[in-house]
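These values consider heavy atoms only, across backbone and side chains, with no hydrogens, waters or symmetry-generated copies. Predicted model, so just to flag it, every value in this text is computed and none were measured.
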Amino acid sequence: MNNVQKNLKAGLAGAVITLMAASSFAAESAAVKMVPDTDVATLPGVALTQKLADALPSSIKSGGVLKVATDLTPPISFHADDGKLIGIDADIAAALGVILGVDVQMTDVGAGAAIVPSILSKRFDISISGINDDLELEKQVDVIDYMYDATTIMTIKDNPLGIQAMTDLCGKKVAVPVGTFQGKMVEAASAKCATPIDIMSIPKMPDVLQAVRTGRADATVNGYATSVYTTANQTGNGKGLQALPDIRLAVGYLGMLTAKDNPELRDTVVAALQQMVDSGAYETIMKKWGLGPLAVKTVKVNDAANMPVD
């Protein structure tokens, strides 16, 4: 069994993505050409691989551009203090551009719930973003399972309310990103409460975290990767945040999304990612962002049903 399943107390992952209206794209940022930093560009396996470049769909080969959708979820994808797009996904996207011999144009679509519509509408070729894989998602798009994640609870530093479990959120204000698996988890937990949870649905992850920092919310139910990174790397104004590491729920995959009628792109990206895994480049990137235990050993497609329960 993979170490992550031992470390994070496995549970079957799920993700229910709420499709947003076209207006969700209003918060989109400008596309950014992803160029690898030296520490990524010099990794073994990050080199033009002509066989994979030739396997790309003709539309991408002729245009020389891979259009990528993302959203901001540190350390998966977020902005540095100088505004630069950084994180695991930024590094992987830049490395894929080198391997496939194309310009990777990455766009922050403004909210996680805009990711699926952006792929279904063909506005983007692929998403490289922390989207939880599950069977319902796999009915809409193909999901390239490229890392593990879990769910935990975050509070302000020192956990003054003494939250130890989902049941402790009853009657409290809990911020969650719109249209996410974690939001559905909180809704399900609230339905079992004598005093329901006051759920604050907020479009952007940075604003979810800020709601807890500033006391507008008592807690957030959040991805394990984001929570661990945020605890170690405090950003934003207000009080510091703290993940509750003993709360590890719903271990599963995070996935990249491609349209179901684009198997050429899906399979080419899978092969390029596996090249990065086999060379050690992928694990180096994961460790760089403090998430080595969440690294996969084999890149799979639509594999949510095969995640072991324990």
| Given side chains that start at C-beta, do those of I199 and E187 come closer than 4.5 Å, heavy atoms only? | yes
| field | T155 and D218, any side-chain heavy atoms less than 4.5 Å apart | value | no
| query | Looking at side-chain heavy atoms only, is the closest gap between L294 and M286 below 4.5 Å? | reply | yes
| message | Testing the basics here: between P44 and S279, what is the closest heavy-atom pair and its distance to 0.1 Å? | response | O-OG, 2.7 Å
Tabulate below the donor-acceptor pairs under 3.5 Å that side-chain atoms of residues 161-178 make, not counting sequence neighbours, or state none.
from, atom 1, to, atom 2, distance (Å)
D168, OD2, Q164, N, 2.7
D168, OD2, A165, N, 3.1
K172, NZ, D168, O, 2.8

| request: Nearest 0.5 Å please: distance from the CD1 atom of I126 over to the CE atom of M106. | output: 9.5 Å
| said: Could you tell me if the side chain of D125 sits less than 4.5 Å from the side chain of I60, heavy atoms only? | reply: yes
| task | Report yes or no: does K84 contribute a side-chain atom to a donor-acceptor pair with the main-chain N or O of H79 at less than 3.5 Å? | result | no
| message | Within this structure, what is the CD1-CG distance for the pair I285 and D39, rounded to the nearest 0.5 Å? | response | 8.0 Å
| Residue pair T49 / Q275, side-chain donor-acceptor N/O under 3.5 Å | yes
| task | Flag the pair Y224 / Y229 as yes when their ring centroid distance falls below 6.0 Å, and as no otherwise. | result | no
| field | Pair D108, T70: side-chain N/O donor-acceptor within cut-off below 3.5 Å | value | no
| Where do M34 and V68 land on the side-chain contact (heavy atoms from CB on, under 4.5 Å) test, with the steps shown first? | CA-CA 10 Å; M34 303 308 297; V68 177; over 6 Å; no
| If we ignore angles and hydrogens, is there a donor and acceptor under 3.5 Å between the side chains of Y253 and D149? | no
| message | Within the 4.5 Å heavy-atom criterion, are V102 and L96 side-chain neighbours or not? | response | no
| Going through the checks in order, is the side-chain contact (heavy atoms from CB on, under 4.5 Å) test met by I144 and V269? | CA-CA 8 Å; I144 301 170; V269 170; 3.9 Å; yes
| request: Determine the sole option in L273, V143, D142 for which the side chain to side chain contact (heavy atoms under 4.5 Å, CB included) test with M256 is passed. | output: L273
| said: Ignoring hydrogens, what is the shortest heavy-atom contact between D89 and I128? Give both atom names and the distance. | reply: OD2-O, 2.9 Å
| remark: Nearest heavy-atom contact between A217 and M200 is CB-SD, 3.8 Å
| task | Establish, from distance only, whether the side-chain atoms of T231 and Q242 form a donor-acceptor pair under 3.5 Å. | result | no
| field | Same apolar cluster (I L V M F W Y, side chains within < 4.5 Å links), I86/V46 | value | yes
| message | For a 4.5 angstrom cut-off between non-hydrogen side-chain atoms, does V296 reach E283? | response | no
| message | I need the I76 CD1 to I88 CD1 distance, nearest 0.5 Å. | response | 4.0 Å
| task | For the residue pair Y282 and M147, establish whether any side-chain heavy-atom pair is separated by less than 4.5 Å. | result | yes
| said: Can you give me the closest heavy-atom contact between K67 and K122, atom names plus distance? | reply: NZ-O, 4.5 Å
| field | Nearest heavy-atom neighbours spanning D207 and I202 | value | CB-CG2, 3.6 Å
| request: For the pair S127 (side chain) and A69 (backbone), establish whether a donor and an acceptor sit closer than 3.5 Å, ignoring hydrogens and angles. | output: no
| field | T258 to R266 - nearest heavy-atom pair and separation | value | OG1-CB, 3.6 Å
| said: Between T220 and V208 (side chain of the first, backbone of the second, donor and acceptor by atom type, cut-off under 3.5 Å), is there such a pair? | reply: no
| When you measure from the side chain of Q274 to the backbone N and O of V299, does any donor-acceptor pair fall under 3.5 Å? | yes
| K204/L72 under side-chain contact (heavy atoms from CB on, under 4.5 Å): CA gap, chis, key distance, verdict | CA-CA 7 Å; K204 295 184 179 183; L72 303 183; 5.9 Å; no
| task | State whether the side chain of S190 and the backbone N or O of V186 hold a donor-acceptor pair below 3.5 Å, judged by distance alone. | result | no
| Between L209 and L241, is any pair of side-chain heavy atoms under 4.5 Å apart? | yes
| task | Look at the side chain of S77 and the backbone N and O of T73, then say whether any donor-acceptor pair between them is shorter than 3.5 Å. | result | no
| field | Atom pair NZ (K139) and CG (N302), whose distance is rounded to the nearest 0.5 Å | value | 12.5 Å
| query | Under 3.5 Å, is there a donor-acceptor pair between the side chain of D134 and the main chain of L137? | reply | yes
| query | Going through the checks in order, is the side-chain contact (heavy atoms from CB on, under 4.5 Å) test met by V301 and D145? | reply | CA-CA 6 Å; V301 175; D145 297 315; 5.9 Å; no
| said: Distance check, rounded to the nearest 0.5 Å: L257 atom CG versus I131 atom CD1? | reply: 6.0 Å
